[in-house]
Asker: 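The structure under discussion is supplied below as structure tokens; questions concerning it will follow.
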Amino acid sequence: MADQLLFNPRTYDPAHFDPETRRLLRATVDWFEDRGKRRLIEDYRSRAWLADFLAFAAKEGLFATFLTPASAADGHQDKRWDTARIAALNEIFGFYGLDYWYAWQVTILGLGPVWQSDNETARARAAELLSQGEVFAFGLSEKAHGADIYSTDMLLEPDGDGGFRATGSKYYIGNGNAAGLVSVFGRRTDVEGPDGYVFFAADSRHPAYHLVKNVVDSSKYVSEFRLEDYPVAADDVLHTGRAAFDAALNTVNVGKFNLCTASIGICEHAMYEAVTHAQNRILYGRPVTAFPHVRRELTDAYVRLVGMKLFSDRAVDYFRSAGPDDRRYLLFNPMTKMKVTTEGEKVIDLMWDVIAAKGFEKDTYFAQAATEIRGLPKLEGTVHVNLALILKFMGNHLLNPAEYAPVPTRRDAADDAFLFRQGPARGLGAIRFHDWRAAYDAFGHLPNVARLREQADALCEFITTAAPDEEQSRDLDLLLAVGQLFALVVHGQLILEQAGLTSLDEDVLDELFAVLVRDYSAHAVELHGKDSATADQQRWALSAVRRPVIDTDRSARVWQRVEALAGAYEMAP
């Protein structure tokens with residue numbers, strides 16, 4: 001029987017979606033399965049551009065249906081921006097290859113400034129390009145400055161006719177070789193400060209658009225391009241002034257979320273391969289899976305992956321239910337990007353320790369999974385950037401809860417319009433959250449949930465009695481260790497909420513929390529060793545260390561679920 005917690009193309013039936021969404025998701029799975037594993041791997045190794053895949057997506061109207069908000073859909077009932085089905089497609093793309101996901105992801109980023117714009121001409125143009133099967137690009141980062149948008153050197157000089165001439169280069173821009181529309185961030189030469197920012201639409205096929213190179217050795221086309229005296233008409237201007245700055249950050253808010261489900265898809269495919277190999281591999285006269293350390297590593301990998309899925313699925317609900325008075329998604333978003341993607345690295349590493357040299361072989365998906373999983377924590381802001389962002393919410397989240405109506409599971413066929421009217425990208429420290437304790441209390445009968453709850457309560461004590469002083473607040477190394485502890489509390493909270501909504505097997509849940517208790521203890525020890533940690537902080541750190549509650553029968557039951565993955569799925573040759 002297939003594991004109901006993991007994606008399996010053999011049994012996949014997204015019946016919870018509307019008929020057209022269900023058809024498109026299944027058609028995408030079938031396209032990859034028909035293509036076969038050998039061709040998929042060969043395309044990856046030969047760095048082939050994704051022309052066949054993009055032709056399929058254009059024929060089916062895949063990007064147009066999933067990425068056109070209702071406000072630009074011209075009455076087309078199946079077109080909407082629906083985070084739940086976008087997440088489902090992220091997972092499928094990750095399962096078959098990150099190159100496919102990347103072309104889709106940077107299209108999402110490129111569309112962000114357009115769908116936030118009041119420029120109806122540009123919006124209609126984008127909708128038409130999507131319907132023609134075009135991809136998009138997000139021209140924000142630069143070689144000298146990275147994503148430091150305060151320092152952009154893309155310069156727009158007024159042309160005297162209400163438009164501009166743009167000159168400058170952009171670096172690390174996905175789809176820059178083929179995008180029908182590139183959303184480009186720059187600044188005017190005649191206006192100082194934030195009022196001079198401009199987001200405008202460019203066409204990669206224009207003679208003044210010069211493609212320099214692909215800066216990575218991959219099927220992903222991560223371009224460097226340069227504009228030379230590029231004509232920017234009034235109809236090409238998407239945002240000006242502070243609104244352009246906000247559009248950049250709010251676009252990343254939307255796009256950042258996609259990394260978590262791509263990571264999940266990668267781990268799922270790799271897990272089928274790893275468990276099947278380990279089960280069939282005979283060492284010293286026994287299957288590799290007979291060794292206790294192998295069982296522990298594969299079980300840890302499995303429950304971590306389940307936790308990734310639970311957290312991400314629940315975060316979708318907060319995204320879709322967000323509004324001007326409920327911005328909790330702004331915490332859960334960097335959590336999906338930072339915590340879920342780094343969990344993905346751990347999942348791959350645990351499995352790789354088991355399958356060892358097999359993980360390098362060229363006829364496996366695992367070989368590319370082990371490479372590609374590394375990239376996701378480093379896109380749309382590094383782990384450190386996202387941890388620093390998460391810290392802004394810690395005080396209010398842990399100590400100052402507010403009342404909110406319960407957020408339901410959001411699988412309804414609705415348009416997530418708020419994501420394109422998020423407003424100014426500020427005020428994060430004032431955002432309030434519902435009481436995190438309720439989720440922990442609902443599963444307080446599970447010993448390891450109760451143990452992590454003890455550690456979470458200890459973190460509240462740390463904030464009130466041993467918080468970093470003014471000087472330590474400038475020590476990002478120390479603060480990031482605190483951020484890891486806070487992230488675990490939030491990670492556990494949404495996992496528990498989703499577990500309650502889905503009636504998750506409590507053996508799996510308690511086994512997962514045993515892993516999280518170990519993680520918390522490891523981060524507490526790390527904090528203890530920081531150079532600037534005070535004596536009080538060091539004492540607190542050691543007092544927060546806990547041993548998970550061991551239950552060999554529970555672990556054996558979870559292992560049976562893992563063992564059942566052997567042979568459950570193998571991609572057609």
Asker: Would you say R328 and F393 make side-chain contact, with heavy atoms under 4.5 Å?
Answerer: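 No; the side chains remain at least 4.5 Å from each other.
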Asker: With a 6.0 Å cut-off (strictly less than), is the heavy-atom count around CG of N400, excluding the residue itself, greater than 12?
Answerer: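 Enclosed: over 12 neighbouring heavy atoms sit under 6.0 Å from CG of N400.
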Asker: For A568, does its backbone N or O pair with a side-chain atom of N8 as donor and acceptor, under 3.5 Å?
Answerer: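 Yes; at least one donor-acceptor contact below 3.5 Å.
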Asker: With a 3.5 Å cut-off and no angle check, do the side chains of S263 and E343 form a donor-acceptor pair?
Answerer: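 No, E343 and S263 have no side-chain donor paired with an acceptor closer than 3.5 Å.
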Asker: I'd like to know if the side chain of N396 and the backbone of I431 have a donor-acceptor N/O pair within less than 3.5 Å.
Answerer: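 Yes; at least one donor-acceptor contact below 3.5 Å.
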Asker: List the atom pairs, with distances to 0.1 Å, where a side-chain N or O of residues 487-499 and a protein N or O form a donor-acceptor pair under 3.5 Å, not counting sequence neighbours.
Answerer:
| from | atom 1 | to | atom 2 | distance (Å) |
| --- | --- | --- | --- | --- |
| Q493 | OE1 | H397 | NE2 | 2.8 |
| Q493 | NE2 | H434 | NE2 | 3.1 |
| Q493 | NE2 | E497 | OE2 | 3.2 |
| E497 | OE1 | R314 | NE | 2.8 |
| E497 | OE1 | R314 | NH2 | 3.3 |
| E497 | OE1 | Y318 | OH | 2.7 |
| E497 | OE2 | Y318 | OH | 3.4 |
| E497 | OE2 | H434 | NE2 | 2.8 |

Asker: Can you check whether G112's main-chain N or O pairs, donor with acceptor, with Q116's side chain at less than 3.5 Å?
Answerer: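 Flag set: sc Q116 to bb G112 pair under 3.5 Å.
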Asker: Between N448 (side chain) and V549 (backbone), is there a donor-acceptor pair under 3.5 Å?
Answerer: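 Yes, N448 side chain to V549 backbone: donor-acceptor pair under 3.5 Å.
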Asker: Could you tell me whether K220 and D99 have a side-chain N and a carboxylate O separated by less than 4.0 Å?
Answerer: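 Yes, charged N to carboxylate O under 4.0 Å.
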Asker: Less than 4.5 Å apart, any side-chain heavy atom of S312 and any of I264?
Answerer: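 S312 vs I264: side chains touch.
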Asker: Tell me yes or no: between the side chains of E526 and Q484, is some donor less than 3.5 Å from an acceptor?
Answerer: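 The criterion, which ignores hydrogens and geometry beyond distance, is not satisfied for Q484 and E526.
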Asker: Counting distance only, does the side-chain N/O of Y520 pair as donor-acceptor with the main-chain N or O of R546 below 3.5 Å?
Answerer: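 It does not hold such a pair.
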Asker: When you compare the side chain of M335 with that of F311, does any pair of heavy atoms fall below 4.5 Å?
Answerer: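 Heavy-atom side-chain distance check passes, below 4.5 Å.
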Asker: So do the side chains of Q455 and S521 get within less than 4.5 Å of each other, counting heavy atoms only?
Answerer: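 The answer is yes; the side chains approach within 4.5 Å.
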Asker: State the CZ-CG distance between F486 and L398, to the nearest 0.5 angstrom.
Answerer: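 With rounding to 0.5 Å, CZ (F486) is 5.0 Å from CG (L398).
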Asker: Indicate yes or no: at least one non-hydrogen side-chain atom of F420 is less than 4.5 angstrom from one of D415.
Answerer: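 Contact flag for F420/D415 side chains = no.
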Asker: Contact between D457 and Y440 at the side-chain level, heavy atoms closer than 4.5 Å - yes or no?
Answerer: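 They are not in side-chain contact.
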Asker: Is R451 salt-bridged to D510, going by a charged N under 4.0 Å from an acidic O?
Answerer: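 No salt bridge links R451 with D510.
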Asker: Could you tell me whether D553 and R557 make a salt bridge, using a distance below 4.0 angstrom between a side-chain N and a carboxylate O?
Answerer: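 Answer for the salt bridge query: no.
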Asker: Would you say R320's side chain and A414's backbone share a donor-acceptor pair under 3.5 angstrom?
Answerer: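 Answer holds: yes.
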Asker: Using modelled atom types and a 3.5 Å cut-off, is there a donor and acceptor pairing between side-chain atoms of D416 and backbone atoms of T83?
Answerer: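 Yes.
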Asker: Answer yes when K346 and D300 have at least one side-chain N-carboxylate O distance shorter than 4.0 Å, and no when they do not.
Answerer: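 D300 and K346: not salt-bridged.
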Asker: Quick one: OG1 on T251 to CZ on F138, what's the gap to the nearest 0.5 Å?
Answerer: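 The distance works out to 4.5 Å.
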Asker: What ring-ring contact (aromatic ring centres under 6.0 Å, His included) pairs are there with at least one residue in residues 246-278, not counting sequence neighbours?
Answerer: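 Only F95-H269, F257-F319, H269-Y365, H269-Y569, Y272-Y569 qualify under ring-ring contact (aromatic ring centres under 6.0 Å, His included).
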Asker: Testing the basics here: between A467 and Q472, what is the closest heavy-atom pair and its distance to 0.1 Å?
Answerer: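 So the minimum-distance heavy-atom pair works out to O-OE1, 4.3 Å.
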Asker: Around atom CZ of R242, are there more than 12 heavy atoms from other residues, nucleotides or ligands closer than 6.0 Å?
Answerer: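 Result for CZ/R242: enclosed.
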Asker: Measure from the side-chain N and O atoms of R295 to the backbone N and O of S555, and report whether any donor-acceptor pair falls under 3.5 Å.
Answerer: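 No; zero donor-acceptor contacts below 3.5 Å.
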Asker: Answer with yes or no whether the side chains of Q279 and T289 bring together a donor and an acceptor at under 3.5 Å.
Answerer: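 Per modelled atom types, T289 and Q279 side chains form a pair under 3.5 Å.
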Asker: With distance as the sole test, does N90 use its side chain to make a donor-acceptor pair with the main-chain N or O of A262 at under 3.5 Å?
Answerer: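 A pair under 3.5 Å: no.
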Asker: Keeping to residues at least two apart or across chains, list the salt bridge (charged side-chain N to carboxylate O under 4.0 Å, His left out) pairs with something in residues 263-278.
Answerer: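 Listed by first then second residue: K37-E273, E268-K309.
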Asker: Could you tell me whether the side chain of E372 and the main chain of G97 form a donor-acceptor pair under 3.5 Å?
Answerer: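 Flag not set: sc E372 to bb G97 has no pair under 3.5 Å.
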